[in-house]
Each structure stands twice: as C-alpha cells, then as structure tokens.
Amino acid sequence: MDKNTQRILESAKAVGQRFVFNVASRFASMQTGEKYGAGMGSSLEFLDHREYQPGDDIRHIDWNALARSDKLTVKLFREEISPHLDILIDGSASMNLDDTAKYAALMSGVAVMRAAALNSGYNVSAWVIKDRCEKIPETNFDVERWRGTDCVYAGNTGKTLVTMPPPLKPRGVRILFSDLFWETEPETILRQLINNAALVIIIQVVAKIDEEPDLLGNLRLVDSESGETLEVMADKPIIKEYIKNFNRHRNYWRDSCTKSGAFFTHLVAEDFIKDFVPQELLKTEILVAGGK
Amino acid sequence: MFFLNYKALWATLTLIGFLGVYFFKRRSKDIKVSSLMFFSALKTPAEGGQKLTILQTPLILFLELLIVTLLILSAAAPVMLDNNSKIPLAVILDDSYSMTATAKEDSKNARHRGLEFLKNNILNKQYYRINLIKGGSYPELIGRHDMTGAEAGVYLDNWRCTSKSADLVSAVRFAKEAFDKHIQVLVITDTPAETDSDTQMAKLNWLAFGKPVNNIAITGANRYSLGKTDRCFFEYTNFSDTPVNLHAIVKSPESNKVYDEIKAQIQPMSVRRSIVNFPEQNSEICAEIFADDFLPDNKLCLPSIKREKVKVRIKTNSKYLDSLLKKTVEALGTGVLVEKDENILITDTQEIIPANTWQMVIHKATDSIMLSGTVAVEREHPLCLGLPPVRALWAVDKNFVSDGLPVLSSDDFALLAVSGEVEKNKVVVFNMDYEYSSLHTTGFWPVLFWNYLNWYQDVFYPVNRELAISREESSFLKLKSNDLPENILPESTMKNFISVRWWFVVTALILIALHQWLVTIRRPGIVY
C-alpha cells in the first residue's frame, strides 16, 4: 500500500469517526446483546423519562411519576445490542484497476465503515474474497495495516462467495464491498449473505471509467482479471450501449437486494475519495452523525 | 461519359487520407478495463433480439471510399455525349521555324508549350473530333479527319516546325472551307493575332506561346561568276534588342580554306554585309555564325555556279527515233550523250536501271489513235514549265495504262506520266507514237526535253540555295504569349452535353443511408 493511499485511509478514518451505526433500533434481531447501543432499547440501564406516546410499551410506564404529576410518563432504557460487523472485501484484480482511484475508494469505504462501527461499539471482522474467503487477523489495527488486501485475484469472487462462504457471525451486520462485475446471479450471493444477518449492505465500488467510459476509436480492451482482450471500434453508440448494459446490471442487483431485504448502494471511487461521506447510508440513516 | 471539370478529380487524393485514417484507426490502443462483460460477455435476451454482430469496418471503409469517389466524380461535372454530337475541332499548328526558338533561360520553346497545352487541354478530352492542320507556307492536313485525342497525339510527332514561313490566316480559311462550317478552330502559334477579320471570327481561339528571343541570322546570300572569279555575298542581321558581337567565317568545307572572317559588333536590328571574291571553283562555299543559340539560320552554303551536264544514253529500236533524240539532246547544251554511266536513259522499252538513274520511256503504241481536243497540263510540274501551246499531230496508244502521275492528259488518255522517287529512279513515260506524231517539229519538243534535263540538274546540281528561314521568321523579338482561356468551348456548345451529375449524387445518398444503417444498427446486443 503506497503512502498516498495510507494518507487517504487516515483521512477516511477521521471522517468515519464522525458517524455511528444506527442499525440495532431498526432491526429486532439485534436488540438483545451484550452491549448498549447508541439508541433507545430494552436493557435495564435507565436513560431518561419522556411523555407517553401511543404505541409505547405500557410496561415501561412510570407509575410513580403518574401518581406524582398525573401525567403518563414512560421510562427510557438504553438499547442493548450484540453488535458485530463483517466486512467482505472483493479481492479481485478489477478492484485495483490501473489509473483509477478504485482501490483507494474501496479501502477508504472499509476504513469509514470500520471507524463508524467501532464508534458504535461493534466488533469488526473482515474477509478478503479471493479463491476462498480469507479472514484478516489485524482488524483491531487501522485498515492501512491490514495484510492481504492487495486485490490481485484473477478469478470470479462471486463464485467464491457462493461456493465457499465465510463463517459470518449470526445477527451481525454484513457489508460487501465489490464492483459486482460477476455473471453470478445476485440472488445466489445474497441468499448466502442474508442468512441469519441483522443487515446486509452491498456497496458497489466502481471507477468513473466503469460507469461512464470515455473511450473513442479503435481500442483493444484488456480485462484486468482474465487478461482476455476485445477489439472494439469505440464510438458514441457503442458507449451508449455499454452504459445501458452497465445500468441494467446495477439495477438488477439493486432490485435483487430490495427483494432480499439487503441494502444496496454504490460509490464512484473518484467522487468518494473527495469527502469519504457515504451519502446514501446517511440518507437512509443506517449511518448517523454522532461520533467522536 | 467524360468530365468537364477534371481539376475536381484531384480531390481523389483525399481517398489516401481516408485509407490513412482507416489504417491508423485499425492500430488499436490497449486499454485496461475492470471487466469486458458489458462489451462482450453478452447474453441473448430471453425475449429475443439481435445477437452480437461484429462491426464490418472494411465494408464501411469501402462504402466511405465509394461515397467520396462518387461525390468527387459528381463535382467533376460528368456529362454524356454520343459520338455524333462530338465537337469538331481544327487545330492549326504553326509550322514555322520561329516556333522552335528557345531563349537561353528557358529550356522550352513555343512548340513545347503548345504541345503541353494540347496534351493537357485538348487531347485528353473525349468530346472533340480533332483535325490537325500544319500551317506552313501552305496549309496541310496531318492524319485523317475527326481523330480522337489519342490518334491526334501520334500525328503530332509530324509537327516539326521546319517551314520557312507560316500562313496561318490561309490555314484558318482552309479549316473553315474544308470542314464543317461550325468547326471550332484552335491556332497554336507563337505570336498573338494581329487585328484581322480572319482571326477575329467566332469559334476561333488564337493561342500564342512565344517568348521574345534574341537571334542573329544569315538573312541573305548569293553567289555569281565574274569570269575566272566567283563572288559571294552574305548578309548578317542582329534581331536582338542589344548590340551583339558577330563572329562569322566564310570558308570552303572541301578545302577547309577560310576566305573571310568577321568579328564585329552589330547594333540592334542592324545588318552587316560581306562580299568575298575567290578563284572560280566547283566546291560549295559556306558562311557560319558562332555563339548564337538558334542554329537553323546560323549556317548557309552556296553551291558551285557551274552546273554539271547531264549524261544521257539513248537506246531505241528505231533508227529514226534514235537520231531524233540524239539531235535533241545535242541541241539543248545541258546534256551530253554517253554510252554508259548515264544519268538519264531514254528508251522505247522500259528497263531495269541502276539507282540514281532516271529513265524516259517513249511508249511504243500497239493500237494508236490520233488525238484531238485540249490537253490538260499540270502547270506547276517541272516537266510542264513553259510548255507552249502548239498545233501538232499527237498519235497515242489508246490502251496505254500507267500507274504514275499524269502531268499531261487528254480525255481519258495519259500523255505523260511520272512515277518513282526524285532522288532515286524517276521514270517518265511518254505516250506518243512517233511514227504518226509531228510533235518533234514544234516548240513543244525542245521545251519538254529542256525541262526534263533541267529538272535533273535542279535535283542533283542545284545552283543557289534558298535561305532555310525567311528574313521575317528569323526575328524572334516579336514572339509573345497571350492569355490562355480556361475553357475553349463556347457556352452554346456546353448545352449539347447531358449532365449526369445526379446519377452520382443519388447513388452516393443511397450509399450514405446504407452506411448509416451499418454503423448504427449493427451493434452488440444486450445483457440479460
């Protein structure tokens, strides 16, 4: 990992520390655990009082307070969670495409999520998907010190996920970072990931050239993974057709995620490394501000 | 079909550019991409649709080249014209020496420039019926009528510019009279037309390709006898706009003896004359100018003024005819009777004779008739010069047939026929039954034989030699070029052409549509 990428990861980590995961309050399967969450929950740790609102658990009404003030008041307790984050990193060569910020964006995304997860009291595990899913032992350290994340695998990582899935922790949050450039059916992969998970987030990391290739003329396209070549006379109609195919592929994944209950978002590498803010995760409040 | 605007065809060079761009584009550039799946790993959609097809770049290139070629051809103004409606054109070629005058700083003369113009503007056009006329002292048709450009190009080699003078106005008249009255006339010369009604007529293009050239020439010469002394006279003229240092010698080429040497400056348009006396001799005397670029008028040789007598052998089967002919030859004084090594053989039976010997055959009649009526005479022929009209009996063989040129004839009878080549074996056949004719008693007889012997002397022993070039022709300062027309065709002629430009344009449009269809429709299919 070069120094420039290391600097980028430090910045990403700093940004990630401003966020926390807001996952347990949204998903019942996480609301029993060993740690207190950042939101309200059902632990024994008292947090606050507030006025009763229709729908509140009547077992939490503070009857003493009702007697004193004649107002219906409920007790608020800190949520109790069992937070765990599994980060799955696509280790294929396409994630480290020459002359793009794809790798930097991939690892920045990982750094942001790790920082936000630690901020939220999560345990973090990370896996690099290559011919098998290799666990990264150094997840207690910063991302730049992780080994084996060089993204040079020339095979189909989607197939690895299906045939040799990692032993993911039950009821945890699982985030897959990949460009998803596989022909493997999304539902097959999602079925593996969604099984016994609190939340599955698919983050498609692509370079700008993947999304809108600025190609023109007679080109010999070389596949970064297989080395396979294709002679193409690139012009506007060809590129238009490519973009159409690319969007169709992305939408197919998005629809599949929606059907499976997973959350899908995408990052354009060159844009993401400008501010490291995962906009869609913030919009959907999976991440919220409130860190250190 | 042919093109009016040939210059547009230069645009075909752009095709090389197209090919260059094509081959440049064919040289692919390597680009590493994350995956080829959106380019090539395509699946046929379940609902059907187009399968992956490869863009046919060579076909597209071919179409593009074809389209561009068609558009260029349409820009070249293609027209149709059938053979009958081709434009008759008479090209009059100035055949005078001045066409070959070459300036020092220019390697081309007016003839070269005229030929170049003809090749670039006339011979390569298919819409002309070309008639070539050599405009020398008198007009002369070269080749056949209505030639194509390629044919005319072959005959142009006969245009050597060796005439003493060129009567181009006569040549123009000749063209108008000999050909179609609507004929287009093109005069290739070295001097712009003077104001003359003959050169201002419609459908006449007078194209001058000359350039002023300095020249010094021998413009006069004569040799005559002063008893035992010969005298020669030479005249040198400076046809330049600057004074010229003349260096000339007069010498005998036989003995190589120099009789006179002139080194003098001659002012512009001035003349220097020299007179040389020397003992009477039989060899020729030549004057020669040095350091002058135009050679034909730099040297002139004057032959001896003493003429050799013609050696005549008479061989007939009739003593009467034999005696008559001998008396005639002896009386003329220009011939001498010999028994062998003759120059002329006069006989009554045609024989095989050595080269350079002439023969007169007095045809022996087998079935003679008496001639009555007028005799047609070829007045310009050397045998007929000065023949007096006489009253005489002329008995001729009515079965006489000759393949020679009849210079005297009456009704259907050739009386005197000439065949053979002048400098080899000239044969004159005299259709006369001497037993019944009385021609020998008239003035006709000696004049005819005088002419015959004199003709031989003129051919083999000429007395004075004319100047190779006339005085007027030696002056090259007047030579000029005029502005060459863009198109020598008048507007009215252009209307005869049927434009076929739209054939090309419409075909090109159809091919453009096909091209567009190929580049937009034949695309890879879709994913999923």
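Only a predicted model underlies this, so the values are computations on that prediction, with no experimental measurement involved. Letters A, B, ... are given to chains in the order of the sequence lines, protein chains preceding strands, and every chain is numbered from 1.
Other residues, nucleotides and ligands place more than 12 heavy atoms under 6.0 Å from the CZ atom of B/Arg144. Residue-environment remark: CG (A/Asp214) stays at or below the threshold of 12 foreign heavy atoms within 6.0 Å. Within 6.0 Å of atom CG in A/Asn4, more than 12 heavy atoms from other residues, nucleotides or ligands are found, so the atom counts as buried in its surroundings. Atom CZ of A/Arg147 has 12 or fewer neighbouring heavy atoms from other residues, nucleotides or ligands inside a 6.0 Å radius.
Most heavy-atom pairs under 4.5 Å with chain B: of the set A/Lys236, A/Lys102, A/Arg220, this distinction falls to A/Arg220.
Closest of all the heavy-atom pairs between B/Met37 and A/Trp182 is CE-O, 3.5 Å.
Heavy atoms of A/Ser92 lying under 4.5 Å from chain B are absent altogether. Within the 4.5 angstrom heavy-atom criterion, no atom of A/Ile243 approaches chain B.
Judged purely by distance below 3.5 Å, without hydrogens or angles, the side chains of A/Asp179 and B/Ser34 never pair a donor atom with an acceptor atom.
Once rounded to the nearest 0.5 Å, the distance linking NZ of B/Lys32 with CD1 of A/Ile209 reads 12.5 Å. To the nearest 0.5 Å, the span separating CG on A/Leu180 from OG on B/Ser35 amounts to 11.5 Å. The distance from the CG atom of B/Leu36 to the CG atom of A/Leu221 is 6.0 Å, given to the nearest 0.5 Å.
Counting heavy atoms from C-beta on, the side chains of A/Ser224 and B/Val33 never come closer than 4.5 Å.
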